[in-house]
Amino acid sequence: MYRNTYVEVNIDNLKYNVNKLIKEYSDYKYYFGVVKANCYGHSDKIVKYLVESGINYLAVSSLEEALRIRKMKIKTPILCLEPISLEHIEECVKESITITIHDFSYFENLIKKQYLNKLKVHIKIDSGMGRLGFKNSNEVYEIVEKIRKRDDICLEGIYTHFADNKKIDKQINKFLEVTSLINLKEIPIVHLGKSGTLLNFKKIPFANGIRFGLIMYGYNPNNEYKHTIISKLLKKDFNKPFEYKSAFKLYSEIVQIKKLKKGEKVGYNGNYKAKEDIVIGIVPIGYSDGYMRTNKNSYVVINNKRYQVIGDVSMGMIAVKLDNGVKIYDKVTLIGERISIFEVAYHNHTIIYEIMCLINNNVPRILVEKGKIVDIVEG
Ligand SMILES: *Cc1c(COP(=O)(O)O)cnc(C)c1O
């Protein structure tokens with residue numbers, strides 16, 4: 001690591017979350033850890049800790065992600081949520097990666113081939129998300145019947161995805177309608193919920209699997225960011241206390257401190273002009289790291305005090321307005337204590353999922369367990 005800008009990932013908190021989730025939702029049998037997008041920006045290297053804590057199925061977007069996990073010698077089943085092109089199915093069989101069947105013509109092409117080993121498949125139902133999956137019960141029936149005749153294909157699961165945490169009843173009914181011609185009990189894994197579902201539904205009666213995403217990383221998916229800001233302003237909690245612990249912190253440091261005279265400017269286009277004599281600090285992080293330009297005028301925290309980002313965010317640097325309490329090489333928190341990811345998301349007009357995913361591989365991940373660094377993941 002040649003630059004002191006990094007994401008610190010707290011492994012203890014992640015393990016705590018998984019343990020707590022499995023205890024709290026013990027009526028399920030299959031606990032999917034959604035580890036797409038580099039584990040929501042935390043780094044794939046955390047997968048082994050999730051598995052150690054009880055995650056017994058993994059879900060990723062792409063085959064690339066699945067293969068990266070296999071390269072780490074992790075044997076846990078992996079489901080690809082996105083369609084995998086037919087030319088790569090053999091690779092899935094070889095690496096024991098479960099695929100999603102989302103479309104009928106895709107299925108018809110898939111079954112044209114014989115597979116050397118068992119190909120595990122899950123059927124995806126579109127129950128109202130309007131994205132991938134089947135809406136037609138006859139097609140689902142036909143797929144089940146056709147797979148029944150094959151011993152190289154195993155129909156291991158069926159699932160759907162909810163669009164709105166508060167309107168899942170309607171989607172559950174639609175799921176039951178689309179699957180009404182088949183016997184759900186004959187399918188080993190039925191998984192319907194995601195993080196937001198858990199907080200509203202203790203258990204979906206006919207499901208035996210659940211997918212943990214954001215909540216596993218310690219964030220409340222129901223606690224929409226505006227809501228958080230509003231509840232903070234009113235000093236009132238709308239939700240019951242959230243008992244999961246976040247693990248993602250973004251840090252950098254002050255690499256130069258300088259004085260500006262009244263009228264002097266900062267950054268591209270001189271977009272900040274000092275109204276009086278001020279002290280500023282330069283921090284080596286910028287939009288090429290995924291720290292967006294819209295962070296202009298946002299805050300960072302140094303020695304437990306908040307300081308404002310001034311001028312335009314550059315590709316690899318920002319300037320911060322300081323006071324005399326800051327020294328060169330002081331640690332700068334961009335996401336963490338006193339500058340929550342909710343606030344950052346709010347400032348950038350987005351959701352916390354996006355903030356975490358955008359911090360890219362330019363920024364190393366330092367994995368910390370019991371106060372000790374256990375891994376440094378560089379891009
Ligand atoms: C991303 C994803 C999830 C996880 O969503 P969270 O809100 O983070 O829990 C679950 N299921 C599917 C199909 C997804 O694509």
Side-chain angles (χ1 to χ4, degrees), residues 14 17-18 20-22 24-25 28 30-42 44 46-47 50 55-66 69 77-84 97-103 121-134 156-168 171-172 174-175 178 189-202 204 207-225 227 239 242 244-248 341-342 345 350-358:
L14 293 170
N17 294 340
V18 174
K20 186 173 168 56
L21 280 165
I22 291 176
E24 201 116 319
Y25 300 96
Y28 286 105
Y30 295 98
Y31 300 102
F32 287 74
V34 181
V35 295
K36 62 192 178 194
N38 207 20
C39 291
Y40 289 39
H42 291 66
D44 286 341
I46 69 164
V47 170
L50 303 177
I55 290 297
N56 54 16
Y57 220 118
L58 298 164
V60 296
S61 290
S62 63
L63 184 52
E64 279 84 354
E65 291 176 336
I69 292 169
I78 305 177
L79 169 67
C80 274
L81 300 165
E82 281 174 12
I84 292 175
I97 289 158
T98 311
I99 67 160
T100 291
I101 297 181
H102 65 292
D103 172 83
V121 303
H122 288 206
I123 299 175
K124 175 90 183 265
I125 306 297
D126 177 6
S127 60
M129 179 79 174
R131 232 168 47 177
L132 292 180
F134 292 90
E156 186 198 54
I158 190 160
Y159 71 107
T160 192
H161 194 39
F162 297 131
D164 182 335
N165 295 337
K166 287 168 198 86
K167 293 180 189 147
I168 72 171
Q171 281 198 247
I172 289 177
K174 180 72 183 169
F175 177 85
V178 180
I189 312 179
V190 180
H191 51 112
L192 281 83
K194 57 176 180 170
S195 302
T197 321
L198 290 163
L199 301 165
N200 300 321
F201 276 75
K202 183 90 188 162
I204 294 170
N208 63 355
I210 183 85
R211 299 186 303 271
F212 299 145
L214 197 68
I215 198 169
M216 180 172 75
Y217 301 101
Y219 300 99
N220 186 346
N222 285 350
N223 207 350
E224 201 244 320
Y225 59 94
H227 196 91
N239 290 303
F242 193 64
Y244 299 90
K245 299 176 181 177
S246 65
F248 186 100
I341 198 162
F342 287 104
T350 183
I351 55 174
I352 60 176
Y353 293 79
E354 192 178 16
I355 296 293
M356 287 189 289
C357 292
L358 284 178

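Only heavy atoms go into these numbers, but all of them, side chains included; no hydrogens, no water, no symmetry mates. For ligands, and for the atoms within them, numbers begin at 1 and follow the listed sequence.
In terms of modelled atom types and a separation under 3.5 Å, the side chain of D126 and the main chain of G128 share a donor-acceptor contact. With hydrogens and angles ignored, the 3.5 Å screen pairs no side-chain donor or acceptor of S127 with any backbone N or O of F175. A donor-acceptor pair is defined here as one N or O able to donate and one able to accept, closer than 3.5 Å; such a pair exists between the side chain of Q171 and the backbone of A163. Side-chain N or O atoms of K202 include one that pairs as donor or acceptor with a backbone N or O of E24 at under 3.5 Å. A donor-acceptor pair under 3.5 Å is absent between the side-chain atoms of Y159 and the main chain of I189, judged by distance alone.
When only non-hydrogen protein atoms are considered, atom 2 (C) of ligand 1 lies nearest to K36 NZ, 2.5 Å. Scanning the protein heavy atoms around atom 9 (O) of ligand 1, the nearest turns out to be S195 OG, 2.5 Å.
Residue R211 has at least one heavy-atom neighbour below 4.0 Å for each of these atoms of ligand 1: 10 (C), 11 (N), 12 (C), 13 (C). Taking a cut-off of under 4.0 Å to the non-hydrogen atoms of Y353, the atoms of ligand 1 that pass are 6 (P), 7 (O), 8 (O). Within the listing of ligand 1, atoms 1 (C), 4 (C), 5 (O), 6 (P), 8 (O) sit less than 4.0 angstrom from a heavy atom of Y40. Ligand-side atoms of ligand 1 in range of L214: 6 (P), 8 (O), 9 (O), range being under 4.0 angstrom from any heavy atom.
Of the heavy atoms in P221, none comes closer than 4.0 Å to ligand 1.
Using bins of under 30°, 30° to 60° and over 60° for the plane-to-plane angle, the ring pair Y31/F212 lands in the parallel bin.
Here the two rings, on F32 and H191, have centers that are under 6.0 Å apart.
Considering only non-hydrogen atoms, atom 13 (C) of ligand 1 lies nearest to H161 out of K194, H161, M216.
The shortest N or O to N or O distance between L81 and ligand 1 is not under 3.5 Å.
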